[in-house]
Q: 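For reference, the structure I am asking about is given below.
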Amino acid sequence: LSEDHILRADQESRAAALGPDGETQLREAIAALLALAESLDVLELDGVAPAFTPSGWPP
Amino acid sequence: VSVAQDPAELTIADARRELLARRLSAVELVEAVLARAERLGPALNAYLHLDAEGALKLARDADQQGSDEWAPLAGIPICIKDIVDVAGMPTTAGAAGWKRLPGRDAASVARLRTAGAIMVGKGHTNEFAYGIDGQNPHWGNCSNPYDGTRMSGGSSSGPAVATAAGMALAGLGTDTTGSIRAPASLCGLVGIRPTPGLVSLEGIVPLAWSYDTAGPLARCTEDAGLLLAVLSGAPIEGLAMDHGAFTGLRVGVLDQLIDQAESYVADGVLEAGRHLEAFGARLQPARLELLEHAAAVHHIVQHAEAAAVHEQWFESQRDRYSAPVRVRLEAGRLLTAAAYLKAQRARRLLIEEAARLLANFDVLLAPTTPTTAPPHHVETVHIRGSEHELRPALLSCVLGPTELACPIVSVPVGSHEGLPFGMQVIGPPGSEALLLRIAGACEERCQWKDRRPPV
């Protein structure tokens with residue numbers, strides 16, 4: 001996914017009066033979040049459940 | 001400034017002693033904090049809503065009770081962060097276009113009220129608590145009582161500033177990513193981010209459910225412990241200082257976060273650690289290998305959850321948000337479920353690593369903020385000679401520990417050019433009493449609890 005793809009998926013949000021500066025900021029914010037998500041790909045997540053699932057904090 | 005010429009400068013423990021001995025009335029105490037609020041209000045902007053009449057009425061009621069009936073916080077004036085409901089007072093969340101008028105107290109406020117506390121008013125907050133600096137374009141900025149040209153830290157800015165400056169004897173704040181700890185550090189207070197779930201969040205505007213907590217801001221560890229006991233509904237046992245109890249205590253120093261801070265902050269934390277060593281603790285470096293991923297996990301989870309919280313009113317209110325908060329919420333709305341779940345799975349690895357580390361250490365130490373309070377309106381700060389963006393810098397030491405789902409106490413451990421800074425004491429879930437004992441020992445060394453800002 002790219003920020004372009006994601007923005008196209010929510011045209012209404014993009015069009016809602018963010019203005020040129022706002023849209024640039026939004027693009028940068030999405031790109032930053034995508035980069036952060038990609039940075040987690042180095043972790044071995046096989047068999048790992050989300051933190052909010054019941055097993056909770058290990059004893 | 002020495003303590004106790006003015007009742008507004010008393011700790012809760014000292015005020016309670018004076019109240020019980022009838023050397024001070026609840027009305028005198030409330031009048032003292034209201035006088036401060038009136039005098040300092042325009043300069044510090046700690047309160048978004050003040051209920052002087054209601055507070056004085058409750059104080060008169062308290063004074064009519066016999067001393068033997070007095071609850072633990074009877075007559076004690078408290079400032080409540082304005083994302084927490086107080087019956088009869090507006091909850092604005094520091095927003096421009098959002099407000100509610102609750103008919104009942106948040107669960108945490110109800111506990112304070114049952115314990116006799118007097119809710120003086122609603123404290124300043126960053127817009128929807130989504131900030132770390134105490135700045136608010138809609139309601140004005142909150143200022144640091146040690147230097148009014150500087151930031152208070154946030155987002156529990158009002159409760160922190162009111163407590164530090166004598167406009168309340170303590171505050172109730174919330175901490176999603178350091179929003180109790182950062183202002184506690186910058187305003188010279190003790191702040192507790194409790195074990196998630198220990199203090200009810202019912203009646204509080206959420207920011208991000210995975211991280212939201214509520215807890216006290218206080219002038220000393222004794223007051224913070226008393227407040228936490230009331231807020232949690234359970235006694236926090238063993239707060240009395242017993243230095244011998246530190247013999248063999250395994251204290252880890254999170255060097256990764258020490259390295260993020262200015263050298264004077266790092267020195268203050270290490271001096272506090274050496275103070276604990278003098279009482280028998282064993283100090284060693286500690287390292288969380290996955291800490292470098294904390295920011296990625298945190299920003300993804302928080303953006304997505306905050307967007308979900310705001311979903312119900314965002315469409316009708318979007319033009320009334322400040323640009324930075326709106327952009328975060330717009331971006332959060334566009335995050336994929338896959339990205340959110342990847343972050344939540346990565347968070348589990350961080351929590352599991354913390355559990356393994358805390359099997360070898362009783363507590364971990366780290367700076368709370370990397371510097372003292374920055375001036376208002378700066379966009380960058382200098383740390384160890386390098387320029388850093390303000391928001392990531394203020395989050396740099398509090399964000400990682402937030403991921404671990406552990407309780408954290410921030411306690412003042414030093415000052416630089418007259419401005420305070422704090423240290424985080426981090427322990428396994430349910431270890432608040434131990435954390436407060438350790439923080440209490442550091443507080444004794446630093447003596448910050450006896451200082452008051454020159455207001």
Q: Please flag which part of B:L350 lies under 4.5 Å from any non-hydrogen atom of chain A: side chain, backbone, both or neither.
A: neither
Q: Taking every heavy-atom pair that is under 4.5 Å apart, which of A:D41, A:L36, A:V42 has the most such pairs with chain B?
A: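 When all of A:D41, A:L36, A:V42 are compared, A:L36 has the most.
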Q: Between the side chains of B:S210 and B:Q344, does any donor sit under 3.5 Å from an acceptor?
A: yes
Q: Given that the side chain runs from C-beta out, which part of A:L45 has a heavy atom under 4.5 Å from chain B: side chain, backbone, both or neither?
A: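 Both backbone and side chain.
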Q: Can B:Q135 and B:N141 be counted as having a side-chain donor-acceptor contact under 3.5 angstrom?
A: yes
Q: Please classify the contact between B:H303 and chain A as side chain, backbone, both or neither, with a heavy-atom cut-off of under 4.5 Å.
A: side chain
Q: Between B:T380 and B:E389, does a side-chain hydrogen bond (donor to acceptor under 3.5 Å, both in side chains) hold up when you go through it step by step?
A: CA-CA 4 Å; B:T380 60; B:E389 281 183 47; over 6 Å; no
Q: Taking every non-hydrogen pair under 4.5 Å, which of B:A296, B:A338, B:A295 racks up the most with chain A?
A: B:A296
Q: Checking A:E28 against chain B: side chain, backbone, both or neither under 4.5 Å from a heavy atom?
A: neither
Q: Could you tell me whether B:E289 and B:R287 have a side-chain N and a carboxylate O separated by less than 4.0 Å?
A: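 Between B:R287 and B:E289 there is a salt bridge, with a charged N closer than 4.0 Å to a carboxylate O.
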Q: Please determine, by modelled atom types, if B:H293 and A:S39 share a side-chain donor-acceptor pair under 3.5 angstrom.
A: no
